[in-house]
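Whatever order the structure lists ligands and atoms in, that order sets their numbers, starting from 1.
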Amino acid sequence: GSLEPGWADEVRALARRRDAVLLAHNYQLPEIQDVADHTGDSLALSRIAAESDASTIVFCGVHFMAETAKILSPDKTVLIPDAAAGCSLADSITVEQLRAWKAEHPGAVVVSYVNTTAAVKSETDICCTSSNAVEVVASIPADKEVLFLPDQFLGAHVRRVLERENMHVWAGECHVHAGINGATLTAKAQANPDAELFVHPECGCATSALYLAGTGAVPADRVKILSTGGMLDAARSSQAKSVLVATEVGMLHQLRRAAPEIDFRAVNDRASCRYMKMITPEKLLRALREGRDEVHVDPVLAARGRAAVQRMIEIGR
Ligand code: 13P
Ligand code: SF4
């Protein structure tokens, strides 16, 4: 919908009054990305949240991201414009399931993607995001078993890069990225033979992308498996005229801003995350006016999960 006149000015004025920093994930609506103090990927936003001097963090993203900010900064007020903005990937493992899995593999090191609940983080040794998953797993001694959760496609990517056999991967997935499949990617790549491919490792098509590169159907140097932040860096240095983007469609906004001369096209233009899009301009305004929804994390769980999240923001700097 169209924005109320003065919306952005009011958001900024209210944020100043609350001593709040506004953070937006790369999948947020364009107007939310544009009003935020910082837009970025999960890792960059976690680092900014941890380092910010502001007394309030307004997290325009999904609930686990706001929870992660609260775990890192328990003394700050963390607001999310709609606490019901969940994540199908975070929902794909419960803490009870994780405990049972750990019991089957005593001594294994648990690596959880940041897309998990605070309860799952409390049973985790190191968290990671898509930008540093490879570095995080590489930091674990080779003789240790690894339990990687919950994303099977990111897990398969890490396993492939590190050629690590003693790594078990949970069978979870994100419904948005799993829906960007190999058949669609192959058809789009064939129809756009000069395009580069930027593929998020959560995608069902990440394996197909590497297969296309392996067979020479797409030159290997045109296929890049990247986090959303990595896609922006790659866009800034790319010489390509067109790029096919396999991730949530909100990403196109920052990519087009970063490299206006490149024609960015979604591999699947229906790949929109309904949870990310629950954060609307109206709800952001309400969050700042009314101080809600405030994010609380059980202090015991937060204390147990904090070291795992701190290791995540340190690795791959
Ligand atoms: P990144 O921004 O870390 O690449 O994460 C993607 C994602 O799906 C977050 O929900
Ligand atoms: Fe979760 Fe997928 Fe939405 Fe990201 S895009 S928030 S992983 S459901």
Does an N or O from [X], backbone or side chain, lie closer than 3.5 Å to an N or O of ligand 1?
X	answer
Ser227	no
His200	yes
Ser131	no
Glu202	yes
Thr129	no
His177	no

Taking 4.0 Å as the limit for heavy-atom contacts, which would you say applies to Asn115 with ligand 1: side chain only, backbone only, both, or neither?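 Only the side chain of Asn115 comes within reach of ligand 1.
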
Pick one of side chain, backbone, both or neither for how Met65 approaches ligand 1, counting any non-hydrogen atom pair under 4.0 Å. side chain

[X]: numbered ligand 2 atoms lying under 4.0 Å from its heavy atoms:
X	value
Ser88	8 (S)
Asn115	7 (S)
Val62	6 (S)

Can you find a side-chain donor-acceptor pair between [X] and [Y] that sits under 3.5 Å?
X	Y	answer
Thr184	Asn181	yes
Tyr27	Thr247	yes
Arg160	Thr207	yes
His168	Glu145	yes
Thr124	Ser112	yes
Ser227	His200	no
Ser55	Asp19	yes

Heavy-atom contact check, 4.0 Å cutoff: does His175 meet ligand 2?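 His175: in contact with ligand 2 (<4.0 Å).
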
Does the residue Glu202 have a heavy-atom contact with ligand 2, meaning some pair of atoms that are separated by less than 4.0 Å?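 Yes; Glu202 lies near enough to ligand 2 that a heavy-atom distance drops under 4.0 Å.
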
Counting only N and O atoms by type, is there a donor-acceptor contact under 3.5 Å from the side chain of [X] to the main-chain atoms of [Y]?
X	Y	result
Asp9	Gly6	no
Arg159	Met167	yes
Gln152	Ala171	yes
Gln33	Asn26	yes

Name the closest protein heavy atom to [atom], giving the residue it belongs to and the distance to 0.1 Å.
atom	answer
atom 1 (Fe) of ligand 2	Cys87 SG, 2.3 Å
atom 2 (Fe) of ligand 2	Cys174 SG, 2.3 Å
atom 7 (C) of ligand 1	Tyr27 CE1, 3.4 Å
atom 3 (O) of ligand 1	Ser42 OG, 2.7 Å

More than 12 heavy atoms of other residues, nucleotides or ligands under 6.0 Å from CD of Glu261: is that the case?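 Buried by this count: over 12 neighbours within 6.0 Å.
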
Tell me, yes or no, whether the heavy-atom count around Glu4 atom CD, taken from other residues, nucleotides or ligands under 6.0 Å, exceeds 12.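 No, CD of Glu4 has 12 or fewer neighbouring heavy atoms, counting only those of other groups under 6.0 Å.
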
For Ser130, counting its heavy atoms only, list the atoms of ligand 1 lying under 4.0 Å from any of them.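 Heavy-atom distances to Ser130 below 4.0 Å select 1 (P), 3 (O), 4 (O).
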
Quick one: which ligand 1 atoms are inside 4.0 Å of a heavy atom on Asp41? 1 (P), 2 (O), 3 (O)

So, 4.0 Å and heavy atoms of Cys174: is ligand 1 close enough to count as a contact? no

Answer yes or no for Cys273: is there an N/O/S atom below the 2.8 Å cut-off from atom 1 (Fe) of ligand 2? no

